[in-house]
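Atoms within a ligand are numbered from 1 in the order they appear, just like the ligands themselves. Just so you know, these numbers use all the heavy atoms, side chains as well, and skip hydrogens, waters and symmetry mates.
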Amino acid sequence: MGRLIVAANRLPISVGKREGRFHFRQSPGGLAVGLASLPETLERLWLGWPGISSERLKPDEKEHLRAELKQQHSAPVFLSQRQIDQYYLGFCNKTIWPLFHYFPVRTVFEQRFWKSYQQVNHLFCEEVLKIAQPSDSVWIHDFQLMLLPRLLREKMPELSIGYFHHIPWPSFELFRLLPSREEVLEGLLGADLIGFHSYDYVRHFLSSVSRIAGLEHMLGQVNVHNRIAKVDAFPMGIDYERYAGAIGNAEVKKEVDRIYKIVGKRQIIVSVDRLDYTKGIVERLEAFDWFLSTHPEYKEKVTLIIVAVPSRSGIEDYKQLRSHLEELVGRVNGEHGTIGYMPVWYLYRLLPFAKLTALYNAADVALITPLRDGMNLIAKEFVATKTDGRGVLILSEMTGAASELGESLIVNANDKAAIVEAIREALEMPVGEQRERNRSMQERLQRYAIERWSTDFVHALSEIKAKQEDVSVHKLSASAQDTLKQTYEAGDKRLLLLDYDGTLVGFKGRPAQAGPDAEIKAILEALADDARNTLTVISGRDKDTLDNWLGTLDIQLIAEHGGWIRQRGGDWRSFQPISQEWKATIRPILDLYSDRTPGSHVEEKDFSLVWHYRRAEPALADVRTHELRDALVNMTGNMDVGVFEGSKILEVRKHGINKGRAAEYLMERENWDFLLAIGDDYTDEEMFAAMPETAYSIKVGSSISKARFNVDTVQNVRNLLKKLAE
Ligand code: G6P
């Protein structure tokens, strides 16, 4: 493996300028820590925006900055004020951020924002290309750079590209509102590995992939124009030991004592977030207000400390939120406060580590109730800090963290009554119960700490790359084609087994409904003209269709996956007697499912019944296929039939009827000196498996196959056959 290049909107170091001098500040967040925990042998480089507009930098200052950052293994991507306004504040934070957090009413769709987003993604691409080598891996972070994977893939196809999405991926219903939805999906699918915090986001993303990009996926693998991309969940953790060890730090202890001295015997509830409308800060303060009104016995006994970290203050929604929150703090304090008792303490700033962990340590309760949050690391930090086991976490079920912190008091952040009740329960929870809940969560957080997140991701990226190479090494190269042609020419008895749909006509996933075109007919005729060839079209289609389409050609036909054979110049003959009894039981079930699933239909053949759902609404078809497959597998247990799942079909077929058996039958009848089998789907796998090692078996498409070689398209097959017929 080469180096790891990290591309993120922000560098781990934020640059500021005061009175003509630069100052550097460590950007907060787990990402830098996570990457620091990767093995030292892995060389890292970080690329991102330094947090200052390029207008504020003279050319020599830019160079100076570049040199400074280089020392820290980072490189700047400079953005103009216009780009900051339109890409960062615009498309990122006025379009994607609200939409992906389920705030469509706050979402602004503006063409100039989108244009600027494209431009900045191109800019990042250029910067990465300046330093990347084909053996490097690039790990792209978050929604600011969703187009970058594809841009890089186009310029450097061999590159290992990973993308991690730190915010929620919304349901298809929300995502479809985005005018540039196709471009965004295509951008992301340029990556080899796409990671999310939770399986819910993975599920939503894959549903958009199938419904908007029209691409199929199986077990988290998406077939992207003949390349496999993997989609998986990697819940991000925290630097557990750092938080758990905080109380051992003298500065933290001093700060805890200071807080206790000021607050006295009062219980403390803490609330920490970036000041963002997705975090539900106003809603939680309203709930606290309600709590004090409905539980007056708690007045003077509990203090809520709100830490709101300044964020995106150039956006109107954020400015309004700040004034709304500050007004509300004033009102609640005015209403419930007394001389000597201020119910809400409000801090509008970023707290340094020691002060923050002291606050976590001193608090009895953490009230973390975002309306929507990709993960929420604050909740994890709070639990990790509580090494004596005391403290209660109240957590919104709309956070990614909720799926890992099930022992917290989980609430619906929109249900104020539930928050009020959770506050009461938390303040009154016996210490034994607090300890029990925290211990289980702490064990989990320790196991899934930040280093696990980054190492798992990097490992999964190299695994998927290896898998892709496994497929690509089988690509039928030009020299392999030459050898194939030489072997063909040297052969006197050649058996050619060619699948029809997705191999000779149409393209993968979209079998041609019409018959053969002039080009393929001419190719087949030319091959059939050579007496040394036994040219066989071997298809799942019924015999009448094959007769209609190919009957006039002087070739051998095999229909229904080997149910019927028509030798050259002969009549159709079935491999097995046709039995109808099983169909009487199975057909009504398929009919029922086809009635319940608009767009699907049943096809009846002599040896099989097929339920086709290509035209059905994908999500519904997905549910129905699972149900139907279970029902069929149960029902057919003692029948002489099998249930098979193919591309947008479920098929119930007589045992012993398959292309493998048919191929074996043909191979036994002659001493062939050249064997060629070409196909594209699961039914062709049995044929490939039946071929001896020396045979040429070729799969159309690049998924894992038993075939010796892969080609990308139907056109590649046609070109190969033309070359043989020359
Ligand atoms: C969220 C996003 C990050 C972003 C951070 C701070 O956590 O997932 O990508 O960097 O908020 O937001 P800012 O706009 O200040 O970078």
Side-chain angles (χ1 to χ4, degrees), residues 6-16 25-35 46-53 74 76-77 79 83-103 106 113 116-117 120-121 124 139-148 163-170 188 194-198 201 234-238 272-281 307-319 321-322 348-351 368 370-381 398-401 450 453:
V6 176
N9 178 53
R10 282 183 188 278
L11 283 175
I13 302 137
S14 226
V15 181
R25 200 165 26 96
Q26 204 71 29
S27 300
L31 189 52
V33 183
L35 297 172
W46 193 311
L47 223 126
W49 173 50
I52 183 167
S53 73
S74 297
V77 179
L79 300 182
Q83 285 165 335
I84 294 169
D85 289 343
Q86 301 193 351
Y87 145 80
Y88 169 67
L89 294 174
F91 194 78
C92 293
N93 291 325
K94 287 187 195 155
T95 309
I96 297 295
W97 181 269
L99 186 64
F100 281 37
H101 284 86
Y102 293 72
F103 285 91
R106 289 185 191 259
F113 290 174
S116 179
Y117 185 80
V120 172
N121 273 256
F124 268 82
W139 189 358
I140 301 164
H141 288 270
D142 227 357
F143 64 102
Q144 298 92 349
L145 299 174
M146 291 190 284
L147 306 181
L148 184 55
Y163 171 88
F164 191 82
H165 193 75
H166 291 256
I167 66 171
W169 190 274
L188 289 171
I194 303 173
F196 295 92
H197 283 304
S198 80
Y201 306 151
F234 301 86
M236 189 174 185
I238 55 164
V272 181
D273 315 82
R274 260 185 327 100
L275 185 56
D276 195 298
Y277 51 82
T278 60
K279 305 287 184 182
I281 312 173
V307 179
V309 180
S311 178
R312 305 173 190 167
S313 47
I315 297 175
E316 194 49 39
D317 277 1
Y318 288 73
K319 283 188 202 146
L321 173 68
R322 182 179 175 193
Y348 178 64
R349 76 197 66 141
L350 174 71
L351 290 188
I368 300 177
L371 301 172
R372 196 65 67 163
D373 206 337
M375 171 49 82
N376 198 295
L377 295 177
I378 305 277
K380 294 187 171 182
E381 291 169 8
M398 269 70 127
T399 61
I450 182 74
W453 172 76

Does the residue Q144 have a heavy-atom contact with ligand 1, meaning some pair of atoms that are separated by less than 4.0 Å?
yes
May I ask you to decide if the ring planes of W453 and H141 are parallel, tilted or perpendicular, using 30° and 60° as cut-offs?
tilted
Identify which one of W49, F124, Y87, W97 satisfies the side-chain contact (heavy atoms from CB on, under 4.5 Å) criterion when paired with Q144.
Y87
Which residue and heavy atom of the protein sit nearest atom 3 (C) of ligand 1, plus the separation
D142 OD2, 3.3 Å
Counting both backbone and side chain atoms, is some N or O of R312 under 3.5 Å from an N or O of ligand 1?
yes
Residues at least two apart in sequence or cross-chain that pass side chain to side chain contact (heavy atoms under 4.5 Å, CB included) with L371, listed by chain then number, are F103, E283, A413, N414
State whether the shortest distance between N or O atoms of W97 and N or O atoms of ligand 1 falls below 3.5 angstrom.
no
For the pair Y163 (side chain) and D142 (backbone), establish whether a donor and an acceptor sit closer than 3.5 Å, ignoring hydrogens and angles.
yes
Under 30°, 30 to 60°, or over 60°: which ring-plane class applies to Y117 and F91, parallel, tilted or perpendicular?
tilted
Which of R322, R106, K94 passes salt bridge (Lys or Arg N to Asp or Glu O under 4.0 Å) with D317? It is R106
Just jot down the side chain to side chain contact (heavy atoms under 4.5 Å, CB included) partners of R372, sequence neighbours excluded, or say none.
H101, Y102, P168, M398
Per-atom contacts of ligand 1 with Y88, taking only distances under 4.0 Å to non-hydrogen atoms:
13 (P), 14 (O), 15 (O), 16 (O)
Just distances here: any N/O of N9 and N/O of ligand 1 closer than 3.5 Å?
no
Considering the heavy atoms of H166, write down every atom of ligand 1 situated less than 4.0 Å from one of them.
8 (O)
Counting heavy atoms under 4.0 Å, the part of R10 that contacts ligand 1 is side chain
Per-atom contacts of ligand 1 with I167, taking only distances under 4.0 Å to non-hydrogen atoms:
8 (O)
Within the protein, is there a heavy atom lying under 4.0 Å from atom 7 (O) of ligand 1?
no
